[in-house]
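The sequence lines fix the lettering, A, B, ..., with proteins before strands; numbering per chain opens at 1.
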2 protein chains.
Amino acid sequence: MPRSRTMNTSPVPVWGLGFLLSQVGAHAAARFAERLVPLNLTPPHVGVLGVIKHADGLSQQALGEMLCIFPSRLVGLLDELEERGLVERRDSPTDRRAHALYLTQAGRDALEKIGLIARELQDALCAALNKSEREQLAAFLTRIAAQQGLTSGVHPGYRKLGGAEPK
Amino acid sequence: MPRSRTMNTSPVPVWGLGFLLSQVGAHAAARFAERLVPLNLTPPHVGVLGVIKHADGLSQQALGEMLCIFPSRLVGLLDELEERGLVERRDSPTDRRAHALYLTQAGRDALEKIGLIARELQDALCAALNKSEREQLAAFLTRIAAQQGLTSGVHPGYRKLGGAEPK
DNA sequence: TATTGTTATACTCTATAACTATA
DNA sequence: TATAGTTATAGAGTATAACAATA
C-alpha cells in the first residue's frame, strides 16, 4: 500500500481544509502584525487607515460600521493614529457632534510603506508557489470569500462579536 | 478597457494574497468555533483532545510543548475537559509529579463529532469550489504550510507568543 | 538544584454601559 | 427623543511569577 505523497509526520491529526485555511491564515496574520511593529501600528490601525483613504471625510460612526468595530473602540484606535500624526479629526461641516476623518500626508506615506510590507509578506508566504499557482490560489480564495459573504478589505479580526458583515 | 471578472465592490483597498489568506482563515476559524459551541468546547480544547488521542498517556509538559501552550494555561483547559468527562488525569507510573493524560470514551466520541463538524464546515466553506479545485487548494495550502514551517495540527492561535513552532 | 503541575496575579484586547453635546 | 463621540467599567483570554511536591 503506497504512502500518500504528502505524508503526515505530525503527532496530531489533520482536520482538513477548514483547519488548513485557518492555520495558514493565522500564520499570515501573525507575520503581518510582526512586520507592522516597526511602524508602531497594528492590523486594526491599518484597516482604519485603509478605509479613511478611500472614504476621506467620513464620520467615526460610518467608519465603525464599515469595519464592524464598536465606536468606543474606534476612539482609542483613532487617538493613537492622531497622536502618531497619521490621521486628523476635523469638525464635520454639517454636524457639530461628528468628526470628519482625514489622512495626513504622513498617513498616506504610512499606507505606502504598509503596501510594500504587504507585498513583501505575500512573496514570503507564497515562496512555495510559482506565479501561476499564486494566481490560482488568489482566485480560489477570492471565490470563497465572495461566496461566504466576506467584504473585501474587512478582516473578521476587526469585528465586534461573531464576524458579522458590515451593513 | 475590460473590467476584471472579480470586480472589487468594496469601500476599502485590497491588501493582496496575504490579507486574503488571513481573512478567509479568520472566517474559517470563527465558523469552526461557532459550530463547537453546542459541544461546549473551544478550538484549543479540540487541539488538546487531538494530541492526546494520538499520544495517549503523555504528560501535561509534553502536551504543552507540542501545542505551544503554557503549562499554566493547560491546567485550565484540562480542568474543563476533565469536568466534562472527556479526559482523565491519571498518575504517571514513572514520575509521581506528573500526570498521564488519557481520553475517556466520551472524549473519543466527542472527537468523532468534531470530525463530522469539521467535514461539514469544509463543505460549507468550499461551496464555491468543485472537487478538483478543493484538492488543488488543499495542495497549495499544504505546500505553503510546510514551507513556512507550520506543524500539521498545531494552530498558531493556540500559541504562546509570536507563533513559534513546537520543539 | 531542577522539574511537574498548580495557583495567584497581571496584562492585553475588546465589549458594555453610562455620559456629554449636539441634533 | 435620538445620535456622535467619549469615558469608565467589566469581561475574556492569555502570559508571568511564585509555590509545593517530587526528582
Do the side chain of T104(A) and the main chain of G85(A) share a donor and acceptor less than 3.5 angstrom apart?
-> yes
Length of the line joining F70(A):CZ and dC13(C):C1', which is rounded to integer Å = 13 Å
At what angle, to 10 degrees, do the two end axes of the helix from dT1(C)-dA23(D) to dA23(C)-dT1(D) meet, given five pairs define each axis?
-> 20°
To the nearest angstrom, how far is D79(A) atom CG from dT7(D) atom P?
-> 7 Å
Where the side chain of Q61(A) is concerned, which of dG5(D), dT4(C), dA15(D) is the nearest nucleotide?
-> dG5(D)
Hey, could you give me the CG/CG distance between L101(B) and L74(B), rounded to the nearest 0.5 Å?
-> 7.5 Å
Rounded distance in Å - CG (L74(A)) to P (dT14(C)) = 12 Å
Tell me which nucleotide among dT6(D), dG5(C), dT16(D) gets nearest to the side chain of P71(A).
-> dT6(D)
Heavy-atom check, side chain of R84(A) versus side chain of L39(A), under 4.5 Å | no
Can E135(A) and K131(A) be counted as an ion pair, charged N to O under 4.0 angstrom?
-> yes
Mind calculating the distance between CG (L41(A)) and P (dC13(C)) to the nearest angstrom?
-> 13 Å
Does a side-chain N or O from R73(A) land closer than 4.0 Å to OP1 or OP2 of dT12(C), or not?
-> no
Can you give one letter per nucleotide of nucleotides 17-23 of chain C, 5' to 3': B if a protein heavy atom sits under 4.0 Å from the base, S if only from the sugar-phosphate, - if neither?
-> B---BBS
Sidechain-backbone polar pair: R31(B) side chain, G18(A) backbone, donor-acceptor under 3.5 Å | no
Rounded interatomic separation in angstrom, taking CG from L58(A) and C1' from dG5(D) | 14 Å
Could you tell me the separation between the NE2 atom of H45(B) and the C1' atom of dT14(D), rounded to a whole number of Å?
-> 13 Å
Without swapping roles, check the side chain of T151(A) against the backbone of V154(A) for a donor-acceptor pair under 3.5 Å.
-> no
Check whether any side-chain heavy atom of I52(B) lies under 4.5 Å from a side-chain heavy atom of L81(B), and answer yes or no.
-> no
From CG of D91(B) across to C1' of dA21(D) the rounded distance in Å is 13 Å
Salt-bridge criterion met for E112(A) and R108(A) (N-O under 4.0 Å) = no
Sequence neighbours excluded, which residues qualify as salt bridge (charged side-chain N to carboxylate O under 4.0 Å, His left out) partners of D123(B)?
-> R134(B)
To the nearest Å, give me how far apart CG (L81(B)) and P (dG5(C)) are.
-> 15 Å
